[in-house]
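Some notes on the structure that comes next.
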Amino acid sequence: MKKFIRFIVSGQILVFLFLIIEVLVVVAIDLSLDDQILAVLVKNGTISSDQSITIALYVSLSFIILRFLFTVLAIILFFRIINKWEDPEFKIPWLVFLFVIPMVTCVFFLIFANHGLPHKEKKTMKEYYESIEPYFALDKQKNELLVDELGEACGAFNYIANTAKVGIHKDNRLTYFKNGEGFFPAFIEGLKQAKEFIFIEFFIITDGEEWSAVQEVLKQKAQEGVDVRIIYDDMGCGGTISSFTPRRLRKYGIKAFKFHPFRPILSGVFNNRDHRKIVVIDHQMAFTGGINLADEYANKIERFGYWKDTMVKIEGSGISNLISTFLANYGIASRLGSEKLFKKNLSREILTYFENNKIAFNKKRLSIRKVADKKYETNIAIMTSPIFGKAPKECAELIVSAIKLPEIEKVEIASDGLISITVQNDIDKFLKHEYESYKGGGFVMPFGDGPGGIDNELIGEQNYINLLKYAKKKVYISTPYLIPTYQLMDALRNAALRGVDVNLIVPGIPDKKLVYLIAKANFRPLLKAGVKIFIYTPGFNHMKSMLSDDELAFVGTINFDFRSLVHHFECGTIIYDSPVIKDIHDDFEEMLSQSKQVPQNYRLNIFGRILCGFLKIFFPLL
């Protein structure tokens, strides 16, 4: 009930209702249902025949004009779709609907067709990656030195390096957590050790035992002066935590922001969710994988049987990749919020200083304005001597003595009393670090993927394809959802047809039954190619991992579906020649021993095939 009330209050239901009403109105006009409605009203005596004729003429004329405008728009969109640089499987559904229901399709296309980010966010992302270019150049030089040691795995690593703009890291210490029961104690213990900063990014945070324990540690660390930052997906947390959570956390000094905050409007940006799971603690450790911050992931509550998911702990230089990935989305989530928060904190600090020192001061005379990116100015030139009984420059010196915010790097006073404040650069602060090396740790490469932020590459999809191409003997795969793109489906089939032993594990108890039904519709073509599919009988395996030839592995957040592969912000880690590979192998073998193999002649019933055949056309559009 609490989750449902939060869902209602959030405004999400208003958008869905508005969307349904809009579609029904357009479809009604498109099918000439307005004439039938008028006929019923005349028959019931609600309106006269003359009134119905007038209304019908008005509606008909409006509809003719509307139809003409939408026809012109549909023609323009037709050529836009044809010439758009993307896979045909995204184009075909749009073209089909454009001919069948052009008016509705035009509206939906303009709102949802863009897989990428809004212009402002693209600009923010571009500026960020330009600012880390010097660090990427250094990583690129190091990457070239490691190519020979990577052997045949260098292709998979080079692809990530050139698209996600991150480095290849050697000799890191990795720890593999095969479930939430192992991860959460290590996570909370790591938080308690923090001395400099804590970065947290999750898709879902849910009120419960784990989140309460984490909050207590974060509040304590913020009071100790640790730089604590949290971003979480607003729609992912719809109904799971209070919408006022960021405001409450900021009272304790925690910099908390919602990613793509939900607004009761129709916008394609709601397609681009932050599905990442990242924790970075100082430069000492980092965690990433598929586990969200909720009790079911620790199996403290049961939702869909046993909840199976994994995380990886990284110690060493690979942490820098996750810092870079986190800061990119933090820049989007906090760009406006952090600016307002900084100004508010700065004003509060100055006013508190004057109140504590009993200095007469008119707060309306304090003006703080942004003049450049990451730079602020406090304009006190208008503060006249009757207020303080001092000259503007003396007033400025008094204010500077009040400023103690940790993010301030430099404060300068001009002759006219203007104070210039430079905010500390996150990139230099967090990416410049010498990490400890752990000999024999193999290679690790954490990375982020997103909807057109860096380029238009589908990094997650191609990463899976590269791992499948690497395999010569055996592949293990775990995914909670199986609605892959054509290219990924083809890569799975090709691996099996090449003679690779492909073992694919899906849930025994799904969280979304309709999505699971569509996943089953994909079983047959895979089984015919020789892919072995297993049902994880203990419950729901939310784990998104792959292991090729017991040498090259991936652990992350990327599902085998369009949501993850195309629309969401995702992350993951590829691992090669590391001792942790054995732990991943053993975990897959344990899962197989608890799973039931799908027979090779498996086939959905006729009703399921018809339903899935109809529904599958929508998935590339969403």
Side-chain angles (χ1 to χ4, degrees), residues 87 89-90 92-93 96 275 290 296 302-310 460-461 464-465 467-468 475-497 500-547 557-568 588 591-622:
D87 294 333
E89 62 188 317
F90 295 111
I92 292 172
V96 170
H275 197 239
E296 60 264 32
E302 183 176 322
R303 292 188 62 196
F304 308 103
Y306 183 80
W307 198 292
K308 168 66 177 170
D309 212 334
T310 58
E461 176 196 59
Y464 279 135
I465 293 172
L467 265 68
L468 286 166
V475 172
Y476 298 93
I477 304 167
S478 172
T479 180
Y481 312 113
L482 185 62
I483 310 174
T485 58
Y486 175 82
Q487 285 81 357
L488 186 51
M489 176 71 92
D490 195 45
L492 284 165
R493 286 172 45 82
N494 283 340
L497 292 169
V500 178
D501 183 10
V502 181
N503 299 271
L504 175 63
I505 307 173
V506 296
I509 305 175
D511 64 334
K512 300 177 181 70
K513 293 185 178 180
L514 186 59
V515 174
Y516 191 57
L517 179 66
I518 296 171
K520 287 184 174 181
N522 290 317
F523 283 5
R524 187 164 177 78
L526 292 172
L527 291 168
K528 287 179 69 176
V531 175
K532 297 175 184 176
I533 302 176
F534 296 86
I535 306 295
Y536 182 67
T537 54
F540 182 55
N541 65 307
H542 191 253
M543 166 181 170
K544 313 98 166 30
S545 300
M546 182 182 290
L547 177 60
T557 68
I558 308 171
N559 297 314
F560 274 47
D561 64 6
F562 285 90
R563 301 264 86 234
S564 279
L565 299 171
V566 180
H567 301 292
H568 285 169
F588 269 116
M591 289 181 71
L592 288 177
S593 69
Q594 299 171 325
S595 301
K596 179 181 177 181
Q597 187 171 353
V598 177
Q600 195 170 4
N601 61 352
Y602 175 85
R603 191 176 188 181
L604 280 178
N605 58 42
I606 185 66
F607 174 77
R609 295 201 300 274
I610 292 173
L611 178 61
C612 292
F614 172 74
L615 291 175
K616 282 174 72 173
I617 194 171
F618 292 97
F619 277 83
L621 306 181
L622 301 177

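Positions are given from 1 along the sequence. These values consider heavy atoms only, across backbone and side chains, with no hydrogens, waters or symmetry-generated copies.
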TODO: Please tell me if the side chains of Phe534 and Lys596 come closer than 4.5 Å, counting only heavy atoms from C-beta onward.
DONE: no
- [ ] Hey, could you give me the CD1/NZ distance between Ile535 and Lys520, rounded to the nearest 0.5 Å?
- [x] 6.5 Å
Open item on the list: Is any side-chain heavy atom of Gln600 closer than 4.5 Å to one of Lys528?
Closed with: no
Task: Check: Asn522 side chain, Leu482 main-chain N or O, donor-acceptor pair, under 3.5 Å - done: yes
Task: Minimum-distance pair of heavy atoms, taken over all atoms of Pro510 and Phe540 - done: CA-CD1, 4.2 Å
Open item on the list: Does atom CD (Gln597) have a neighbourhood of more than 12 heavy atoms from anything else shown, all under 6.0 Å?
Closed with: yes
Task: Contacts of type ring-ring contact (aromatic ring centres under 6.0 Å, His included), residue Tyr464, not counting sequence neighbours - done: Phe554, Phe560
Task: For Ala496 against Ala529, the heavy-atom pair lying closest together - done: CB-O, 3.3 Å
Open item on the list: I want to check something: taking the side chain as every heavy atom from C-beta on, are Thr310 and Ser545 in contact at a cut-off of under 4.5 Å?
Closed with: yes
Task: Leu592 side chain near Tyr476 side chain, heavy-atom distance below 4.5 Å - done: yes
Open item on the list: With a 6.0 Å cut-off (strictly less than), is the heavy-atom count around OH of Tyr486, excluding the residue itself, greater than 12?
Closed with: no
Task: Inter-residue atom distance Lys308.NZ - Met543.CE, 0.5 Å rounding - done: 5.5 Å
Open item on the list: Using side-chain heavy atoms (C-beta onward) and a distance below 4.5 Å, is Pro507 in contact with Tyr536?
Closed with: no
- [ ] May I ask you to decide if Gly508's main-chain N or O and Thr537's side chain share a donor-acceptor pair within less than 3.5 Å?
- [x] no
TODO: Search all heavy atoms of Ile509 against all heavy atoms of Pro538 and return the closest pair with its distance.
DONE: CD1-O, 4.4 Å
- [ ] Specify the closest pair of heavy atoms between Gly460 and Ile558, including all atoms of both residues, with the distance to one decimal.
- [x] CA-CD1, 3.7 Å
Task: Listed partners of Thr485 passing side-chain contact (heavy atoms from CB on, under 4.5 Å), at least two apart - done: Glu89, Glu461, Gln487, Leu488, Phe562, Leu565
TODO: Could you check Val598 against Leu527 for side-chain contact (heavy atoms from CB on, under 4.5 Å), going step by step and ending with a plain yes or no?
DONE: CA-CA 9 Å; Val598 177; Leu527 291 168; 3.9 Å; yes
- [ ] Take Gln594 and Tyr306 through the side-chain contact (heavy atoms from CB on, under 4.5 Å) test and state the conclusion after the steps.
- [x] CA-CA 12 Å; Gln594 299 171 325; Tyr306 183 80; over 6 Å; no
TODO: For Asp501 and Lys532, run side-chain contact (heavy atoms from CB on, under 4.5 Å): C-alpha distance rounded to whole Å, both residues' side-chain angles, the deciding distance at 0.1 Å, then the answer.
DONE: CA-CA 8 Å; Asp501 183 10; Lys532 297 175 184 176; 3.3 Å; yes
Task: Any donor-acceptor N/O pair, Lys544 side chain to His542 backbone, under 3.5 Å - done: yes
Open item on the list: Check whether His275 reaches the backbone of Ser564 with its side chain - one donor and one acceptor, N or O, closer than 3.5 Å.
Closed with: no
Open item on the list: For the CD1 atom of Ile518 and the SG atom of Cys612, what is their distance to the nearest 0.5 Å?
Closed with: 5.5 Å
Open item on the list: Would you say that Arg493 contacts Leu526 through its side chain, given a criterion of any heavy-atom pair below 4.5 Å between the two side chains?
Closed with: yes
TODO: May I ask you to test the Asn503-Ile477 pair for a side-chain heavy-atom distance under 4.5 Å?
DONE: no
- [ ] Decide whether Thr479 and Asn559 meet the rule of one side-chain donor and one side-chain acceptor closer than 3.5 Å.
- [x] no
Task: Audit row: Leu492, Val475, side-chain contact (heavy atoms from CB on, under 4.5 Å) steps and yes/no - done: CA-CA 10 Å; Leu492 284 165; Val475 172; over 6 Å; no
Task: Test log, rule salt bridge (Lys or Arg N to Asp or Glu O under 4.0 Å), inputs Arg303 and Asp511 - done: CA-CA 8 Å; Arg303 292 188 62 196; Asp511 64 334; over 6 Å; no
TODO: Rounded to the nearest 0.5 Å, what's the gap from CD1 on Ile505 to OG on Ser478? Could you check?
DONE: 5.5 Å
Open item on the list: Which heavy atom of Trp307 sits nearest to which heavy atom of Phe304, and what is that distance?
Closed with: CZ3-CD1, 3.6 Å
Task: Flag for Lys512-Tyr481: side-chain donor and acceptor within less than 3.5 Å - done: yes
Open item on the list: I want to check something: taking the side chain as every heavy atom from C-beta on, are Leu604 and Phe523 in contact at a cut-off of under 4.5 Å?
Closed with: no
